[in-house]
Amino acid sequence: MKKQTMLDNALANFDRAAALLKDEFCPDMIEKLRHPKERSEISLTPQFSDGKIHYISAFVVKHSDAVGPCKGGIRMAPNVTLDDVTALAMEMTWKCALIGVPFGGGKSGIVADSSKLTADDKQVVVRSFTRNAHRHIHPMIYVPAPDMGTSERDMGYIKDTISYSLGYATTQGSYVTGKPVILGGIPGRREATGRGVAVAAAEALKKIGLNMKGAKVIVQGFGNVGSISAVVMAEMGAVVVGVSDEFAAIYNPAGLDLPAVLAHVARTGKLTGAPSGKEIAHGDLLEMPCDVLAPCATANQITGANADRIKARVIAEGANGPTSPEADEILHNKGVFIIPDILCNAGGVFVSYLEYTQETQQEQMTGEEVRVRLEQRMKDRFELVYQTATQRKWQMRDAAMYLGVKNVCTALVARGTLP
Ligand code: NAD
């Protein structure tokens, strides 16, 4: 049987939403949203510190700008494909519309293994991408941000490359979000996605009569999103019993010593050998008993092959596309509460929007203001999706997709028809 790709899954989710919307919008117009507005493949030829010129593929996909300029992170991974980036751009369109920010959906990919690049060579790759993708990157066209394999530091390099190519030390308007605060970034952006995941997970637990205090949590992926969501859930009173990264999965049913684990990762860059937990197989960690399982790594981690053995009560999708449509069905029938990615990890793009407006208006927001607005927006949109799902007897993912796609269709109708 053909392996389902991220794009297959994104289109399957879209088709379910399209079916729910068929009586509200003209099917031709909904069909328009199946197709990205633009997919570009770019060849980067950076010169590394070994003196050699290396060939690296990169992609920029703008899925839809019906609601506003395309927004979406840059993924640096050795196996990222143009179709993956298309799926992720499409999901950004629904995510922005659902969380209520005036952006469309976009995404970039750079085919490179960031863990194998030196810091200098990675900087060269990011600057090479920026120079070659410059025509796409603009506050009114496409505004990138961090995603897997890229970070705040890389967003600083992007701002620097663009501003100096324009001839100034800074830019007018926000060309990139997720930057260091000193370069026009916003306090709390680095934590925003993980904090949003924790807030959404706490709301889901309440709906099933549980509480974050004492809840057992397992987090897959210990990068930006995973580590922060683990920390924030622990601050809310949860007991983090398992975490994993690409190198190791560690588990302790009595709870991990999270500060010690974080210190180990800060020192060594990986979870291998981390204190307070026993190393187990990656796949086994997902199947351990817990109240919240937060997949915060990559796509297609919970599939028809393992969904049956998942014991979590709530799945909080920090990653994009971690659950396949087949697994969705199995988990739904088991009564697992799934917080779909376009809702669960939307805190990052919401705070990116605050950064964008702050930079456009040359204002500064405090970390506290950002945190309060993020938590409020996550709770409001969670409730909206939950009420829609409950009233219509739909799965949370269908309700979230319905609301997101509906907002984009409404924008298309408001714009009228362009040939
Ligand atoms: P990151 O690069 O900071 O971290 C990724 C983590 O996942 C690393 O710890 C890596 O070792 C681990 N990992 C990779 N493959 C794994 C596997 N098979 N099993 C266990 N761990 C594995 O990336 P990030 O920014 O934290 O992004 C993680 C996910 O969250 C991605 O799906 C991304 O699209 C999504 N996301 C990120 C943001 C953001 O603001 N950074 C926003 C929305 C969604």
Side-chain angles (χ1 to χ4, degrees), residues 71-73 92 95-96 98-101 145-148 150-152 155 177-181 185-207 211-213 215 217-240 243 256 258-259 261-262 265-266 291-297 314-320 322 339-358 365-386 400:
K71 191 82 191 75
M92 283 306 295
K95 189 184 301 182
C96 292
L98 175 66
I99 205 72
V101 292
D147 189 69
M148 260 176 88
T150 60
S151 65
E152 183 179 292
M155 302 307 115
T177 61
K179 304 176 287 294
V181 173
I186 195 163
R189 170 61 184 88
R190 198 188 313 144
E191 297 83 18
T193 307
R195 183 172 292 282
V197 170
V199 171
E203 293 302 297
L205 284 173
K206 277 190 230 159
K207 297 295 183 199
N211 192 301
M212 196 55 97
K213 204 156 179 50
V217 168
I218 291 176
V219 180
Q220 182 201 36
F222 208 62
N224 173 281
V225 180
S227 65
I228 304 282
S229 54
V231 166
V232 179
M233 285 191 271
E235 281 168 10
M236 291 171 165
V239 181
V240 179
V243 294
L256 297 167
L258 206 50
V261 173
L262 286 161
V265 172
D291 298 303
V292 178
L293 171 63
C296 299
V314 168
I315 293 183
E317 292 186 336
N320 286 310
I339 316 167
D341 50 4
I342 61 166
L343 170 65
C344 194
N345 67 35
V349 77
F350 178 68
V351 174
S352 274
Y353 160 71
L354 298 182
E355 180 176 335
Y356 182 93
T357 52
Q358 168 187 273
M365 268 181 228
T366 66
E368 182 59 13
E369 282 173 282
V370 171
R371 195 183 58 74
V372 169
R373 287 187 66 175
L374 166 66
E375 291 187 9
Q376 196 53 53
R377 182 64 65 102
M378 288 304 297
K379 286 180 183 169
D380 288 352
R381 296 296 150 141
F382 180 97
E383 196 56 31
L384 178 66
V385 175
Y386 180 77

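One-based numbering along the sequence shown. Just so it is clear, the values below take in all heavy atoms, side chains as well, and ignore hydrogens, waters and symmetry mates. Owing to the predicted nature of the structure, the values given are computational and were not obtained by experimental measurement.
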Asker: Quick check for you: to the nearest 0.5 Å, what is the distance between Gln376 atom CD and Leu374 atom CG?
Answerer: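 Output value for this atom pair is 10.5 Å.
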Asker: Sub-3.5 Å donor-acceptor pair from the side chain of Glu317 to the main-chain atoms of Ile342, do we have one?
Answerer: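 Side chain of Glu317 to backbone of Ile342: no pair is present.
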Asker: Please report the interatomic distance CD1(Ile339) to NZ(Lys207), rounded to the nearest 0.5 Å.
Answerer: 11.5 Å
Asker: Can you tell if the side chain of Arg189 reaches within under 4.5 Å of the side chain of Pro146, non-hydrogen atoms only?
Answerer: yes
Asker: Might you point out which heavy atoms bring Ala400 and Val385 nearest each other, and give the distance in Å?
Answerer: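 Looking at all heavy atoms of both residues, the shortest contact is N-CG1, 3.8 Å.
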Asker: Between Lys179 and Glu355 (salt bridge meaning N to carboxylate O under 4.0 Å), is one present in this structure?
Answerer: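 Salt bridge present between Lys179 and Glu355.
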Asker: Which distance, rounded to the nearest 0.5 Å, do you find between the CD1 of Ile186 and the CG of Leu354?
Answerer: 5.0 Å
Asker: Less than 4.5 Å apart, any side-chain heavy atom of Glu235 and any of Met212?
Answerer: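 A side-chain contact is absent here, since even the closest heavy-atom pair is not under 4.5 Å.
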Asker: Is there side-chain contact between Arg190 and Asn224, with heavy atoms separated by less than 4.5 Å?
Answerer: yes
Asker: Does the plane of the ring in Phe382 sit parallel, tilted or perpendicular to the ring in Tyr386? Use 30° and 60° as the thresholds.
Answerer: parallel
Asker: Please find the pair of heavy atoms, one from Leu205 and one from Ala215, that lie closest to each other, and give the distance.
Answerer: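 In terms of heavy atoms, the two residues are closest at CD1-CB, 3.9 Å.
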Asker: Show your working on side chain to side chain contact (heavy atoms under 4.5 Å, CB included) between Asp147 and Asn320 and close with a plain yes or no.
Answerer: CA-CA 10 Å; Asp147 189 69; Asn320 286 310; 4.1 Å; yes
Asker: Compare every heavy atom of Thr193 with every heavy atom of Gly348, then report the nearest pair and how far apart it is.
Answerer: CA-OG1, 3.1 Å
Asker: Within a strict 4.5 Å, meaning less than it, do heavy atoms of the Asp341 and Lys95 side chains meet?
Answerer: no
Asker: Looking only at heavy atoms, which two atoms of Ala346 and Met378 are closest? And how far apart?
Answerer: C-SD, 4.3 Å
Asker: Do Pro187 and Thr366 come within less than 4.5 Å of each other through their side chains, counting heavy atoms only?
Answerer: no
Asker: Quick one: does Phe222's side chain get under 4.5 Å of Leu262's, heavy atoms only?
Answerer: yes
Asker: Atom CD in Glu203, atom CG in Leu343: separation rounded to 0.5 Å?
Answerer: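 So the gap between those two atoms works out to 10.0 Å.
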Asker: Can you check whether Val349 reaches Met92 side chain to side chain, under 4.5 Å on heavy atoms?
Answerer: yes
Asker: Would you say Val101 and Tyr356 make side-chain contact, with heavy atoms under 4.5 Å?
Answerer: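 No, too far: nothing below the 4.5 Å cut-off.
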Asker: Taking Arg377 for the side chain and Ile99 for the main chain, is one N or O donor matched with an acceptor at less than 3.5 Å?
Answerer: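 Yes; judged by distance alone, with no hydrogens or angles, the pair exists.
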Asker: Give, for atom SG of Cys296 and atom CD of Gln220, the distance between the pair rounded to the nearest 0.5 Å.
Answerer: 8.0 Å
Asker: Of the non-hydrogen atoms in Ala316 and Ala201, which two are nearest, and what is the gap between them?
Answerer: CB-CB, 4.2 Å
Asker: Heavy atoms only: give me the nearest Ser352-Lys71 pair and the separation to one decimal.
Answerer: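 Ser352 and Lys71 have their closest heavy atoms at CB-CE, 3.7 Å.
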Asker: For the backbone of Leu98 and the side chain of Arg381, can you confirm whether one donor and one acceptor N or O come within less than 3.5 Å of each other?
Answerer: yes
Asker: Quick one: pull up CD1 in Ile218 and CG in Leu256 and give me the separation to the nearest 0.5 Å.
Answerer: 9.5 Å
Asker: Does CZ in Phe350 sit with more than 12 non-hydrogen atoms of other residues, nucleotides or ligands closer than 6.0 Å?
Answerer: yes
